Amino acid sequence: AQSVSQHNHHVILSEAASLELGCNYSYGGTVNLFWYVQYPGQHLQLLLKYFSGDPLVKGIKGFEAEFIKSKFSFNLRKPSVQWSDTAEYFCAVSRLGGTSYGKLTFGQGTILTVHP
Amino acid sequence: NAGVTQTPKFRVLKTGQSMTLLCAQDMNHEYMYWYRQDPGMGLRLIHYSVGEGTTAKGEVPDGYNVSRLKKQNFLLGLESAAPSQTSVYFCASNKVDRVYGYTFGSGTRLTVV
């Protein structure tokens, strides 16, 4: 079974600091990759997704992620965080083909706290 | 366009009680899913459906049943609630094509006492 690992449980930054959240997955076949954000008390919102093509993906709110196939990684980055980025971030993977049916496997989540 | 609607939003149950969570989508999506979210564990798939009248088990199906009698609705049932089922439940729906259009509902917070 595939698994997704997010290395950091809780990251604390000051405003304007740079952010990188790690995500690794275990499945060796073709995958779709996602980052979701969940603001306190809200449901998941899609930040960005990778299906194919350019491995550097840009999403909403200034976030980007880089797919490195050889490392099975899909790390999330933002050059300068804001207080409003305080939220929990989830990496998710969906494998293609067969009986995948678009099922997502999520990482454990990383809580980001940004101090003003 | 409402997207994915979950009812109820909050519920408190006593151990042993039963209840049904309703998920409704108006996007004509074929696939629907139920996930549960627990601290430090991300979201885990309970059951899913790839079309009307079909359901399948996900990663953590024990203690839950589902039904998809109509394409737009996906019901999650707890026959005899246990404290371990205290969680936030999310429904999602998805298109049947390669460009996945996952849409999540706003969640149901369930507490079993």
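Convention: sequence-line order gives letters A, B, ...; per-chain numbering from 1. The shown structure was predicted, so the numbers you read here are calculated from the model rather than taken from an experiment.
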What residues of [range] make heavy-atom contacts with chain B at a cutoff under 4.5 angstrom?
| range | answer |
| --- | --- |
| residues 55-83 of chain A | none |
| residues 105-116 of chain A | A:F106, A:G107, A:Q108 |
| residues 12-25 of chain A | none |

Distance-minimising heavy-atom pair for A:H43 and B:F90: CB-CE2, 3.7 Å
How close do A:L104 and B:Y35 get, counting heavy atoms only, and between which atoms? N-OH, 3.1 Å
Cluster link [X] to [Y], ILVMFWY, side chain under 4.5 Å:
| X | Y | result |
| --- | --- | --- |
| A:L47 | A:L33 | yes |
| B:Y33 | B:Y89 | no |
| B:F74 | B:L110 | yes |
| A:V31 | A:W35 | yes |
| B:M19 | B:V88 | no |

Check whether A:Q45 gets within reach of chain B through its side chain, its backbone, both or neither, counting any heavy atom under 4.5 Å. neither
Heavy-atom contact with chain B under 4.5 Å, split by part of A:E88: side chain
Which residues in residues 36-61 of chain B have a heavy atom less than 4.5 Å from any heavy atom of chain A? B:Q37, B:G40, B:M41, B:G42, B:L43, B:L45, B:Y48, B:V50
Any side-chain heavy atom of B:F104 within less than 4.5 Å of one from A:Y36? yes
Is a side-chain donor or acceptor of B:Y102 paired with a backbone partner of A:G102 at a separation under 3.5 angstrom? yes
In this structure, are over 12 heavy atoms from other groups packed under 6.0 Å from B:Q17 atom CD? yes
